[in-house]
Amino acid sequence: MDNEQVGLYTLDEALESLGFGKFQAFVLAYAGLGWFAEAMEIMILSFIGQAVKSEWGLSSSQESLLSTIVFAGMVIGAYGWGTISDTYGRRTGFLTISIVTSGAGFLSTFSPNYLSLVILRGFVGFGLGGTSVFLSWFLEFVPASSRGMWMIVFSTFWTFGSIFEATLVWIVMAKLNWRWVLALSSMPSFALLFLYGVAPESPRYLCMKGRTGDALRILEKIASVNRTKLPAGVLISSRSTDKAEESTPSEDRIPLLPSLSKNSFSYYGIILLTSKLSTGESGCFPTIQSSGYLLGDSLYVNAFITSIAALLVDRVGRKQTMSIMFGLAFIFLLPLLTRQSAVLTTCLLFGARMNAMATFTVASIYAPELYPTSVRTTGAGVASAVGRIGGMVCPLVSVALVNACHQTEAIAIYLAVIVVSLVCIQLFPYDTKGRELSDTAS
């Protein structure tokens with residue numbers, strides 16, 4: 001018998017009825033602050049390395065370790081924080097992640113030597129590994145019909161965090177030093193701690209744990225804030241097991257992990273290639289324009305993703321959106337197999353970077369949608385960790401080949417990886433566009 005006939009409704013039906021209103025806007029702001037904080041802590045690696053190297057007389061490998069240790073910490077933390085959040089709740093995850101990230105980030109300011117700074121930045125990376133929890137938490141409050149669009153909007157907090165950090169460094173480094181940059185960059189994580197008390201638990205997590213009464217109270221609060229109404233009847237945890245299994249079969253999630261690694265390899269590789277060619281260090285190819293490039297690039301990428309990708313992701317689906325964006329990235333990179341002018345090289349890399357970032361963003365949305373609530377933050381965390389591995393490997397290609405005047409070979413490798421990624425995307429058995437989220441693994 002149909003749920004409506006017996007006066008029952010699921011969480012997905014409740015969220016559709018409640019719509020996206022002021023309550024979800026607050027959830028968006030809090031979760032977005034988590035990504036804003038991560039972007040600042042990641043971007044800081046690009047700015048303080050040289051200052052620390054000069055002050056303490058570090059070697060190039062020691063300077064590089066300051067970045068590597070953060071990414072290594074993120075790989076380890078991704079699984080750990082996901083497990084904590086899936087077992088003890090999203091709010092418990094927020095609390096512990098914020099304590100570790102803000103504490104280690106602020107203590108980095110007072111590092112007396114290189115070793116202590118490396119250790120503390122490793123703990124910062126460990127904390128940052130849990131930012132997929134914020135993504136999954138926000139996802140669980142959004143109606144299925146508009147989930148893709150709002151997840152795209154959510155991703156822009158990373159862009160704004162990067163821009164804010166660049167601005168902060170530009171202002172602070174000129175007047176103070178790198179220690180002040182570290183201290184001020186930890187403030188968003190402290191803000192997460194300050195606002196923790198008003199962040200609600202995920203009603204989907206509560207339903208999955210059988211706490212439908214607690215979930216209903218949160219839904220009633222959403223209805224009150226949004227000035228909408230819940231469906232008539234009784235809230236149930238989920239639909240039948242058969243339908244849940246049909247919606248998200250477990251074997252369908254496997255192909256995403258290797259694909260994310262290739263995706264990240266291409267995305268980070270294009271960014272590094274842009275940086276290397278903008279410096280003109282190798283002297284092999286014309287130096288691309290770099291004055292104001294990074295800030296302008298971030299702003300245009302943000303506008304591009306929120307307009308084009310948001311229009312596509314809830315209409316043609318996640319799979320086809322990723323295919324379209326990656327296909328465009330391939331087209332932009334293809335002419336760079338041969339020598340081009342500095343202006344054309346700038347434009348082509350700019351276009352490739354925009355589309356690669358759009359693909360990366362959609363993949364980040366797709367991952368938590370694939371996994372059931374019982375393991376969503378763990379699954380999304382592991383997928384993120386695998387992606388970081390791709391990001392850690394790609395410098396070996398970009399830096400080594402470009403420095404050796406082999407830009408053509410580097411471009412060829414990225415094109416090949418994009419082709420393989422496109423094939424993997426088409427092998428995903430189903431799309432999550434408009435689908436209800438599953439709560440338990442089959």
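As a basis for the values below, the full set of heavy atoms in this structure was taken, side chains included, without hydrogen atoms, waters or symmetry mates.
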S.K.: State, yes or no, whether a side-chain contact exists between Pro200 and Phe141 at a heavy-atom distance under 4.5 Å.
M.R.: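 SC-SC contact between Pro200 and Phe141 confirmed.
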S.K.: Kindly give the heavy-atom pair with the smallest separation between Ala78 and Gly381, and that separation in Å.
M.R.: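 It is CB-O, 3.0 Å.
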S.K.: Report the distance from atom OG of Ser145 to atom CG of Asp12, rounding to the nearest 0.5 Å.
M.R.: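 Going from the OG atom of Ser145 to the CG atom of Asp12 covers 10.5 Å.
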S.K.: Work out which heavy atom in Trp178 is nearest to a heavy atom in Ala51; give both atom names and the distance.
M.R.: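 In this case the closest contact between Trp178 and Ala51 is CD1-CB, 4.1 Å.
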S.K.: Taking only residues at least two apart or on different chains, which pairs with a member in residues 145-171 satisfy salt bridge (charged side-chain N to carboxylate O under 4.0 Å, His left out)?
M.R.: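 Sorted result for residues 145-171: Arg147-Glu369.
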S.K.: Output all residues satisfying side chain to side chain donor-acceptor pair (under 3.5 Å) with Thr96, sequence neighbours left out; order by chain, then residue number.
M.R.: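 By the side chain to side chain donor-acceptor pair (under 3.5 Å) rule, Thr96 matches no residue at all.
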S.K.: Judged by atom type as modelled, is there a donor-acceptor pair below 3.5 Å linking the side chain of Glu38 to the main-chain atoms of Gly130?
M.R.: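 Absent.
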S.K.: Which atom pair, heavy atoms only, marks the closest approach of Gly105 to Ser186?
M.R.: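 Closest approach of Gly105 to Ser186, heavy atoms only: C-CB, 4.0 Å.
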S.K.: So, Thr156 side chain and Ile152 main chain: donor-acceptor pair closer than 3.5 Å or not?
M.R.: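 Here the side-chain-to-backbone pair does not exist.
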S.K.: So which heavy atom on Leu18 is nearest to which on Ala223, and how close?
M.R.: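 Shortest heavy-atom contact: CD2-CB, 3.4 Å.
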S.K.: Quick check: does any side chain N or O of Arg318 sit under 3.5 Å from a backbone N or O of Ala367, one acting as donor and the other as acceptor?
M.R.: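 No, Arg318 side chain to Ala367 backbone: no donor-acceptor pair under 3.5 Å.
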S.K.: Holding to side chain to side chain donor-acceptor pair (under 3.5 Å), I want the full list of residues that pass it with Thr377, two or more places apart in sequence or in another chain.
M.R.: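 Asp86.
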S.K.: Within this structure, what is the OG1-CD1 distance for the pair Thr101 and Ile97, rounded to the nearest 0.5 Å?
M.R.: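 Output value for this atom pair is 7.0 Å.
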S.K.: Looking at Tyr205 versus Trp137, is the centre-to-centre ring distance below 6.0 Å?
M.R.: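 Distance test on ring centres: not under 6.0 Å, no.
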S.K.: If I compare all heavy atoms of Leu120 with all of Ser108, which pair ends up nearest, and what's the gap?
M.R.: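 Minimum heavy-atom contact is CB-OG, 3.5 Å.
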S.K.: Contact between Leu15 and Glu140 at the side-chain level, heavy atoms closer than 4.5 Å - yes or no?
M.R.: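 SC-SC contact between Leu15 and Glu140 ruled out.
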S.K.: Going by the rule side chain to side chain donor-acceptor pair (under 3.5 Å), which residues pair with Ser98 if we only count those two or more places apart in sequence or in a different chain?
M.R.: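 Testing Ser98 for side chain to side chain donor-acceptor pair (under 3.5 Å), a comparison that skips the adjacent residues, returns none.
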S.K.: Which distance, rounded to the nearest 0.5 Å, do you find between the CZ of Phe94 and the CG of Leu195?
M.R.: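 Going from CZ on Phe94 over to CG on Leu195, the span is 12.0 Å.
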S.K.: Heavy atoms only: give me the nearest Pro368-Arg376 pair and the separation to one decimal.
M.R.: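 Taking every non-hydrogen atom into account, O-NE, 2.8 Å.
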S.K.: Should Pro203 and Leu11 count as side-chain neighbours, where that means a heavy-atom distance under 4.5 Å?
M.R.: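 A side-chain contact exists here, since the closest heavy-atom pair is under 4.5 Å.
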S.K.: For residues 326-336, which side-chain donor-acceptor pairs fall under 3.5 Å, sequence neighbours excluded?
M.R.:
none

S.K.: Can you tell me how far OG1 of Thr92 sits from CZ of Arg90, rounded to the nearest 0.5 angstrom?
M.R.: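 Spacing of CZ (Arg90) from OG1 (Thr92) equals 10.5 Å.
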S.K.: Do Phe164 and Thr167 have side chains that approach each other closer than 4.5 Å (heavy atoms only, starting at C-beta)?
M.R.: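 When only atoms from C-beta onward are counted, Thr167 and Phe164 do not touch, as no gap falls below 4.5 Å.
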S.K.: Could you tell me whether the side chain of Leu182 reaches within less than 4.5 Å of the side chain of Arg121, counting heavy atoms only?
M.R.: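 Contact flag for Arg121/Leu182 side chains = yes.
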S.K.: May I have the step-by-step check of side-chain contact (heavy atoms from CB on, under 4.5 Å) for Met322 and Phe428, ending in yes or no?
M.R.: CA-CA 12 Å; Met322 287 190 288; Phe428 295 158; 4.1 Å; yes
S.K.: Keeping the roles fixed (side chain from Glu16, backbone from Glu13), state whether a donor-acceptor pair exists under 3.5 Å.
M.R.: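 Side chain of Glu16 to backbone of Glu13: no pair is present.
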S.K.: Keeping to residues at least two apart or across chains, list the side-chain hydrogen bond (donor to acceptor under 3.5 Å, both in side chains) pairs with something in residues 25-37.
M.R.: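 Every candidate side-chain hydrogen bond (donor to acceptor under 3.5 Å, both in side chains) pair involving residues 25-37 fails, so no pair, neighbours aside, qualifies.
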S.K.: Taking it one step at a time, do Val423 and Gln426 satisfy side-chain contact (heavy atoms from CB on, under 4.5 Å)?
M.R.: CA-CA 5 Å; Val423 173; Gln426 294 307 312; 6.0 Å; no
S.K.: Would you say the side chain of Leu184 lies within less than 4.5 Å of the side chain of Met40, judging by non-hydrogen atoms?
M.R.: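 Contact flag for Met40/Leu184 side chains = no.
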S.K.: Step through the shown structure and confirm whether more than 12 heavy atoms of other residues, nucleotides or ligands are within 6.0 Å of OH on Tyr79.
M.R.: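 For Tyr79, atom OH is not crowded (no more than 12 foreign heavy atoms under 6.0 Å).
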S.K.: Heavy-atom distance under 4.5 Å between the side chains of Phe26 and Val225, does that happen here?
M.R.: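 SC-SC contact between Phe26 and Val225 ruled out.
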S.K.: State whether the side chain of Ser136 and the backbone N or O of Val133 hold a donor-acceptor pair below 3.5 Å, judged by distance alone.
M.R.: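 Looks like no, no N/O pair under 3.5 Å.
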S.K.: Can you tell me how far OH of Tyr9 sits from CG of Leu235, rounded to the nearest 0.5 angstrom?
M.R.: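 One finds 5.0 Å between CG of Leu235 and OH of Tyr9.
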S.K.: Are any non-hydrogen side-chain atoms of Leu95 and Tyr88 less than 4.5 angstrom apart?
M.R.: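 No; the side chains remain at least 4.5 Å from each other.
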S.K.: Quick one: pull up CG in Leu168 and CD1 in Ile163 and give me the separation to the nearest 0.5 Å.
M.R.: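 These two atoms lie 13.5 Å from each other.
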S.K.: Mind telling me whether Phe154 and Phe157 have parallel, tilted or perpendicular rings, with 30° and 60° as the class edges?
M.R.: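 Ring orientation, 0 to 90° scale: tilted.
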